[in-house]
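One structure is given below, encoded as structure tokens.
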Amino acid sequence: MRVRFAPSPTGYLHVGGARTALFNWLLARKEGGTFVLRIEDTDQARNRDEHVEAILHGLSWLGLDWDEGPLYQSEGVKRHEQEAFRLLEEGKAYRDFATPESIRAEASARGVHPSSVARERAALVTEKEAASRIAAGKPYALRFRVPPGETSFTDVVHGDMRFANEDVDDLVILRSDGTPVYNLAVVSDDHAHGISHVIRGDDHLSNTPKQVLLYRALGYPEPVFGHVPLILGADGKRLSKRHGATAVGDYESQGILPDAMVNFLALLGWNPGDEREVMSRDELVEAFTPERILKKSSVFDLEKLAWLNGRHLAQRPSSTLLPGVRERLAKRKEVDAARTADDAWMESLVDLLKVRARTVDEIADQAMPYVCDTLAFDEAAVAKHWRKDPARSADYMERTAAALSATEWSAAALEEGLRGLAEEMGVGAGKLIHPLRVALTGQSASPGIFDVLTLLGSARSLARVEEAVRLVRAM
RNA sequence: GCCCCCAUCGUCUAGCGGUCGAGGAUAUCUGGUUCUCAGCCAGAAGACCGGGGUUCGAGUCCCCGUGGGGGUACCA
């Protein structure tokens with residue numbers, strides 16, 4: 001089995017393209033096949049090197065490694081051209097000296113099919129006339145002569161497809177400037193590259209009968225086709241820029257994990273047939289089967305991606321998350337670089353934060369109170385836990401600090417110390433903990449307070465409480 | 001205009017004629033657990049686009065309609 005992903009480099013790697021690539025990749029890995037990457041670069045106007053780079057980067061980030069390529073469609077133009085002329089010699093194509101505009105104009109004026117106009121005009125040109133026009137340097141295009149009848153093929157996702165050939169126009173296969181046109185080029189390339197399964201977007205479904213006809217005219221065996229549905233935005237329209245991030249790279253920068261993105265994309269229009277949702281790459285490969293690809297297009301749901309990413313984040317060893325967290329923290333000037341340098345300390349910090357974050361960006365946000373020397377206070381937290389009763393809050397914090405400084409600085413001992421104090425004072429432990437949390441983190445929500453204390457260490461913790469008491473006393 | 005594809009909770013989906021008074025996940029809302037948050041546990045609300053057939057029986061099959069999408073290039 002040989003499959004391919006053949007994007008045209010018109011921009012960044014779009015999530016829809018990424019999913020098409022993923023389905024091909026999953027199929028190849030599942031069946032022990034070969035995944036070929038081919039860049040459809042024959043549209044000179046839109047083709048840009050940086051776009052190719054972006055696509056390769058996106059695929060690499062997702063971990064969709066290709067076995068062959070990148071191949072380029074432009075490498076095959078000589079072959080495309082030869083095949084177009086072969087079809088001419090065999091009478092399966094004809095010369096068209098007319099301009100597309102004049103054919104369209106006549107067709108609409110007479111109310112007939114453009115193909116019949118093109119054929120009539122071509123029939124008017126004798127071989128001798130053609131030869132003299134060619135000698136005179138007159139340009140002509142080559143059109144494929146669509147035979148009568150109907151064309152059918154089996155689609156892995158849609159089942160049996162059947163098209164009336166009269167609805168298929170005589171398509172140009174070679175432009176008057178001598179360059180080949182897409183429909184011929186793909187057929188030629190897919191055959192040349194030995195592609196056995198063409199899995200691509202639904203937007204190619206209507207092109208497929210043309211291509212099937214070309215395969216047959218050229219005498220090439222047809223591959224198996226499979227057309228996967230498109231991805232839509234929240235309003236049900238085809239996913240585009242105005243729906244937000246559509247480039248895979250956007251999710252990379254937001255701190256979505258490649259494994260989560262792959263998991264999410266795989267579940268868009270496909271499911272394993274049981275109720276699993278959080279799946280590893282290996283599980284996806286093992287479970288993947290193209291027959292279970294849905295026919296229906298689906299909406300790209302950011303919320304579910306975020307949830308899935310949170311699940312992957314929580315499962316992931318903190319050490320592997322560290323580079324991403326550090327990279328993000330390094331961009332923030334308030335961060336004390338010395339603190340982020342300590343591997344073991346950073347790992348235990350990430351251990352505490354990853355379970356309550358949905359993206360790597362969020363981990364970085366939540367890490368701020370620990371990696372910065374000056375604390376940013378959340379006004380709502382201050383209002384709730386300090387300002388309501390400043391005198392009591394300050395008193396509680398002072399007594400808490402005194403009790404804690406008298407114990408061994410470990411989570412268990414600190415907890416015992418604090419709870420002992422609460423009992424002695426006849427108040428719930430929460431009464432002591434809430435003002436303390438604001439003092440240590442500036443926030444009303446954080447990891448467990450005893451973990452926060454041990455992570456910050458006694459010196460920093462006690463200094464923060466001392467500072468908090470000073471602030472609260474001044475209220 | 002013409003051709004083609006598609007249609008189950010807001011969203012992702014299970015369902016391949018009877019076990020569906022439609023299941024799971026997410027999101028939302030309750031309650032419980034915990035020092036807060038996240039999580040976890042328990043619960044609530046929430047869908048078969050419409051109309052005709054076929055059949056003893058239809059979310060499941062057929063037809064029409066409606067809606068959405070794609071194609072119809074000397075773009076890919």
Side-chain angles (χ1 to χ4, degrees), chain A residues 6-10 40-47 73 96 98-101 103-104 108 113-114 139-143 155 157-158 161-164 166-169 171-183 185-186 201-210 227 229-230 232 234-238 264 267-271 273-278 294-308 310-311 314 352-358 362 366 381 384-385 415 418-419 422 428-434 436-438 441 443-450 452:
Chain A
S8 51
T10 55
E40 310 271 43
D41 61 343
T42 41
D43 183 352
Q44 306 300 345
R46 295 194 291 178
N47 178 27
Q73 187 167 72
D96 179 359
T99 63
E101 297 76 37
I103 288 183
R104 264 197 299 274
S108 71
H113 213 69
Y140 60 91
L142 250 34
R143 269 185 198 275
D155 189 286
V157 350
H158 292 277
M161 301 299 311
R162 187 177 292 272
F163 290 82
E166 60 181 314
D167 292 324
V168 181
D169 292 342
L171 58 146
V172 168
I173 52 178
L174 200 68
R175 296 187 187 89
S176 51
D177 66 0
T179 59
V181 170
Y182 173 74
N183 280 303
V186 250
D202 243 354
D203 48 341
H204 287 281
L205 191 55
S206 300
N207 280 328
T208 307
K210 299 176 191 170
H227 290 91
L230 270 16
L232 272 27
D235 56 0
K237 303 286 183 199
R238 189 176 185 169
F264 176 71
L267 257 25
L268 222 48
W270 176 85
N271 69 78
D274 50 41
E275 281 172 350
R276 283 180 293 173
E277 297 216 285
V278 182
L294 258 39
K295 293 193 273 227
K296 177 191 140 186
S297 47
S298 42
V299 174
F300 192 85
D301 182 5
L302 259 30
E303 288 290 346
K304 193 136 183 182
L305 204 213
W307 166 76
L308 203 48
R311 299 301 308 261
L352 298 181
L353 300 181
K354 69 182 181 187
V355 296
R356 55 203 95 215
R358 299 190 128 190
E362 276 182 33
Q366 294 176 17
K384 187 170 180 190
H385 302 296
E415 179 158 10
L418 186 141
R419 290 192 190 282
K431 294 281 182 232
L432 266 29
I433 288 172
H434 295 308
L436 176 62
R437 170 171 288 113
V438 180
T441 67
Q443 309 292 314
S444 57
S446 80
I449 201 71
F450 306 105
V452 171

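Throughout, protein chains are lettered first and strands after them, A, B, ... in sequence-line order, and every chain is numbered starting at 1. Not measured: the values here are computed from a predicted model.
K431(A) comes within contact range of no nucleotide atom at all, as no heavy-atom separation falls under 4.0 Å. Residue contacts shown for D169(A) are limited to sugar-phosphate atoms, with no base heavy atom under 4.0 Å away. Here S298(A) lies in heavy-atom contact (under 4.0 Å) with sugar-phosphate atoms only.
The side-chain ring of H227(A) is not stacked on the base of G70(B), judged by centre separation under 5.5 angstrom and plane angle under 30 degrees.
Using a 4.0 Å cut-off between a side-chain N of Lys or Arg and a carboxylate O of Asp or Glu, K237(A) and D235(A) do not qualify as a salt bridge.
Here H204(A) does not reach the OP1 or OP2 of A76(B): none of its side-chain N or O atoms lies under 4.0 Å away. Taking only side-chain nitrogens and oxygens, N271(A) never comes nearer than 4.0 Å to OP1 or OP2 of U13(B). Within the 4.0 Å cut-off from OP1 or OP2 of A38(B), not a single side-chain nitrogen or oxygen of R358(A) is found. Dashed line: the shortest gap from a side-chain N or O of R356(A) to OP1 or OP2 of U36(B) is not under 4.0 Å. An OP1 or OP2 oxygen of C74(B) is reached within less than 4.0 angstrom by a side-chain nitrogen or oxygen of R104(A). For the OP1/OP2 pair of C74(B) and a distance below 4.0 Å, the side-chain nitrogens and oxygens of S176(A) include no atom meeting the criterion.
A gap of 40 Å separates the C1' atoms of C3(B) and C56(B), to the nearest Å. The same atom, P, is picked in C12(B) and in C48(B); the two are 16 Å apart, to the nearest Å. Comparing the C1' positions of G24(B) and G15(B) gives a spacing of 12 Å, expressed to the nearest Å. Comparing the P positions of A7(B) and C61(B) gives a spacing of 9 Å, expressed to the nearest Å. Comparing the same atom, P, in C2(B) and in G65(B) gives a spacing of 11 Å after rounding to whole Å.
On a pure distance criterion of 3.5 Å, a polar donor-acceptor pair joins the side chain of K304(A) and the base of A25(B).
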